[in-house]
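The first residue in the sequence is number 1, and the count goes up from there.
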Amino acid sequence: MTQSSIQSKTVSLAVLAVLVQIAVPRAISQVNAETEKTAYPTMAPLDQYLIADEGAEIALARSAAPKSVSDGAEVLVLGRDGYKTAVKGGNGFLCLVVRSWTTGSDDPEFWNPKIRSPICFNAAGARTYLPITLMKTQLVLAGKSKKEMFESIASALDKKELPALESGAMCYMMSKQQYLNDVAGCWHSHLMFFVPRVAAESWGANLPGSPIIAADDPEDRLTIFMVPVAHWSDGTAAPLFMD
């Protein structure tokens, strides 16, 4: 396999993985739509999205980042009324396990109850990106439809009720236990950086030989830059490229 084909395949799979974690362009979210468009047509019973053992959810959330980061982080867990603080932190980082409804509106796995995406935000990400995730979760748990949820997010962004992204907002997604969707599964250990919408080329992303992968997110009005890393949060080796 040539370097260019590896790069192309890596970019494709990376964007596919982000479909579950963070919203991406509607055109890209058509991937596998033909085969999976009826797999998760509606929200499953809430219990299927919850993790009964709070300790297990805390451990899974912390697995998003190395222990040197996550051991001192605040940890949120998902309950019937939304996310709540299970562990208070002291280093500015915040970890949680994201569910399926943070993806794009056209993603066929929007309601996939198997998805578990551990994420650990830095302080800027927790202050200015996480509120979108928390608002989406509250709307879903309140019984809002997908359409109503995205309309509410758009309105909140228009009215500046959600904070503008701070410079340096980022997160760790280095969990060996992540399940991003039915196609990508665990995918890669990686870091993500959030910025107001910009061209991928401004970071040299998605170019031959570049380690940076970009995905535009028009619904959340930002661009996500991803950088795969060669180890999981527990220090064991992680693949940088798919076979």
Please check if the side chain of [X] supplies one atom and the backbone of [Y] the other of a donor-acceptor pair under 3.5 Å.
X: T128; Y: E166; value: yes
X: D216; Y: R197; value: no
X: Q177; Y: L60; value: no
X: S145; Y: E148; value: yes
X: Q178; Y: H188; value: yes
X: T236; Y: W232; value: no
X: D217; Y: L222; value: no

Would a 4.5 Å heavy-atom cut-off, applied to side chains only, mark [X] and [Y] as touching?
X: V77; Y: K84; answer: yes
X: D220; Y: K136; answer: yes
X: M174; Y: D234; answer: no
X: S70; Y: S233; answer: no
X: I213; Y: N206; answer: yes
X: S105; Y: K146; answer: yes
X: N181; Y: W187; answer: no
X: S152; Y: M135; answer: yes

Original post:
With C171, which residues qualify under disulfide (SG to SG under 2.5 Å), at least two apart?
Top reply: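 Counting only residues at least two positions away or on another chain, C171 forms no disulfide (SG to SG under 2.5 Å).
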
Indicate if [X] and [Y] have the same hydrophobic cluster label, given that clusters are the connected sets of ILVMFWY residues with side-chain heavy-atom separations under 4.5 angstrom.
X: L141; Y: Y83; answer: yes
X: V97; Y: I132; answer: no
X: I58; Y: Y172; answer: no
X: L139; Y: L157; answer: yes
X: V229; Y: F93; answer: yes

Original post:
Counting only heavy atoms not in D47, do more than 12 fall under 6.0 Å of its CG?
Top reply: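 Yes, the 6.0 Å shell around CG holds more than 12 heavy atoms from other groups.
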
**OP:** Kindly check if the number of other-residue, nucleotide or ligand heavy atoms within 6.0 Å of NZ (K176) is above 12?
**Re:**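 Check passes, neighbour count above 12.
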
Do you know the tightest heavy-atom contact between [X] and [Y]?
X: A61; Y: C95; result: O-CB, 3.5 Å
X: S117; Y: L180; result: OG-CD2, 3.3 Å
X: R116; Y: L50; result: NH2-O, 3.7 Å
X: A200; Y: A214; result: CB-CB, 3.6 Å
X: V227; Y: F193; result: CG2-CE1, 4.1 Å
X: G235; Y: H231; result: O-CB, 4.0 Å

Output the distance between atom [atom1] ([X]) and atom [atom2] ([Y]), rounded to the nearest 0.5 Å.
X: K114; Y: E109; atom1: NZ; atom2: CD; answer: 7.5 Å
X: T102; Y: M149; atom1: OG1; atom2: CE; answer: 8.5 Å
X: T223; Y: L165; atom1: OG1; atom2: CG; answer: 9.5 Å
X: F110; Y: T42; atom1: CZ; atom2: OG1; answer: 12.0 Å
X: R99; Y: N112; atom1: CZ; atom2: CG; answer: 12.0 Å
X: L191; Y: N122; atom1: CG; atom2: CG; answer: 10.5 Å

Subject >> Pairing residues for A44 by the side-chain contact (heavy atoms from CB on, under 4.5 Å) criterion, not counting sequence neighbours >> reply: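 A44 satisfies side-chain contact (heavy atoms from CB on, under 4.5 Å) with Q48, Y49, P113 once adjacent residues are dropped.
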
**OP:** Evaluate the ring planes of Y129 and F194, with Trp represented by its six-membered ring, and classify them as parallel (under 30°), tilted (30 to 60°) or perpendicular (over 60°).
**Re:**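 It falls in the parallel class, under 30°.
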
Subject >> Worked verdict on Y40 versus D182 for side chain to side chain contact (heavy atoms under 4.5 Å, CB included) >> reply: CA-CA 11 Å; Y40 307 100; D182 290 346; 2.5 Å; yes

Subject >> Candidate pair E219 and I153, rule side chain to side chain contact (heavy atoms under 4.5 Å, CB included), full reasoning >> reply: CA-CA 8 Å; E219 291 173 327; I153 294 296; over 6 Å; no

**OP:** Any chance you could lay out the side chain to side chain contact (heavy atoms under 4.5 Å, CB included) test for I119 and T133, step after step, and finish with the verdict?
**Re:** CA-CA 11 Å; I119 295 180; T133 295; over 6 Å; no

Original post:
Should R221 and D158 count as an ion pair when the cut-off is N to O under 4.0 Å?
Top reply: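 Here R221 pairs with D158 in a salt bridge, since their nearest N and O are under 4.0 Å apart.
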
Subject >> Trace of the side-chain hydrogen bond (donor to acceptor under 3.5 Å, both in side chains) decision for T137 with W101 >> reply: CA-CA 7 Å; T137 300; W101 48 73; 3.0 Å; yes

